[in-house]
Amino acid sequence: MQSTKSFRERVLDVIANIPEGRVTTYGQLAEVAGMPRHARAVGDILHGLSLETDLPWWRVINSSGKISTYKVGTGELQRGLLEREAVHFDSNGKLKLEQYRWQIEAIETEN
DNA sequence: AAAATGACTTTTT
DNA sequence: CAAAAAGCCATTT
């Protein structure tokens with residue numbers, strides 16, 4: 001059986017597996033989901049998520065270690081949710097990617 | 001079909 | 001190291 005999950009579905013699966021207190025980047029997600037260089041597409045997917053989703057969408061940030069708020073709101077909600085998981089931000093609103101980045105070991109997307 | 005857009009990333013200043 | 005420019009790519013105009 002083919003079970004070709006769409007890129008979108010694969011991305012959502014990976015997000016569902018990000019551990020608490022850990023973060024990943026749009027680019028890293030795109031890569032793991034099988035489409036390198038498609039970070040913006042991942043951004044589009046998350047932007048389209050309803051706030052009622054059960055996914056830990058707030059654990060996704062950009063490669064500079066900041067919360068992406070390019071053409072959207074302030075992102076204070078996301079920051080609060082991360083701080084609730086003991087993720088500390090510095091005075092510039094950035095976090096230490098080296099410390100919090102999730103090192104993917106094995107994805108359970110199975111098929 | 002061409003141009004603009006955007007929860008992005010990498011390179012260059 | 002921070003900020004700007006350039007690069008990328010699916011979607012929408």
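When reading the values below, keep in mind they use all heavy atoms of this one structure, side chains included, and skip hydrogens, waters and symmetry mates. Proteins come first, then strands; the chains are lettered A, B, ... in the order of their sequence lines, and each starts at number 1.
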Gap between atoms CD1 and P, on A:I45 and B:dC8 respectively (whole Å): 13 Å

Between A:I67 (CD1) and B:dC8 (C1'), how many Å, whole number? 15 Å

Is the shortest side-chain N to carboxylate O distance from A:R59 to A:E85 below 4.0 Å? yes

Grab the NZ-P distance between A:K66 and B:dT9 for me, whole Å please. 12 Å

What are the two closest heavy atoms between A:P56 and A:I18, and how far apart are they? CG-O, 4.5 Å

Please confirm whether the shortest side-chain N or O distance from A:S63 to OP1 or OP2 of B:dT9 is below 4.0 Å. yes

Report the distance from atom CG of A:L81 to atom C1' of B:dA7, rounded to the nearest whole Å. 14 Å

Quick one: label A:K94 by what it contacts on the DNA or RNA (base, sugar-phosphate, nothing), any heavy atom closer than 4.0 Å. sugar-phosphate

Which one, C:dA2, C:dG7, B:dA7, comes nearest to the side chain of A:Q78? B:dA7

Send over the distance from A:R40 CZ to B:dT5 P, rounded to a whole Å. 12 Å

Note: A:F7 and A:A33 closest approach over all heavy atoms is CE1-CB, 3.5 Å

Counting only Watson-Crick or G-U wobble pairs whose two distances fall under 3.5 Å, which nucleotide matches B:dT9? C:dA6

Would you mind classifying the nucleic acid contact of A:T25 as base, sugar-phosphate or nothing, using non-hydrogen atoms under 4.0 angstrom? sugar-phosphate

Length of the CH2-P vector between A:W57 and B:dA7, whole Å: 14 Å

Give the rounded distance in Å between these two atoms: CG of A:L46 and P of C:dT11. 15 Å

Nearest heavy atoms of A:Y26 and A:N62, plus distance in Å: CE1-N, 3.7 Å

Minimum-distance nucleotide (side-chain atoms of A:R37 versus C:dA10, C:dC8, B:dA7): C:dC8

Measure the distance from CD1 on A:I15 to P on B:dA7 and round it to the nearest whole Å. 15 Å

Which is true for A:H47 with a 4.0 Å heavy-atom rule: it touches a base, it touches only sugar-phosphate, or it touches nothing? base

Among A:S63, A:S64, A:S68, find the residue that satisfies the side-chain contact (heavy atoms from CB on, under 4.5 Å) test when tested with A:K66. A:S64

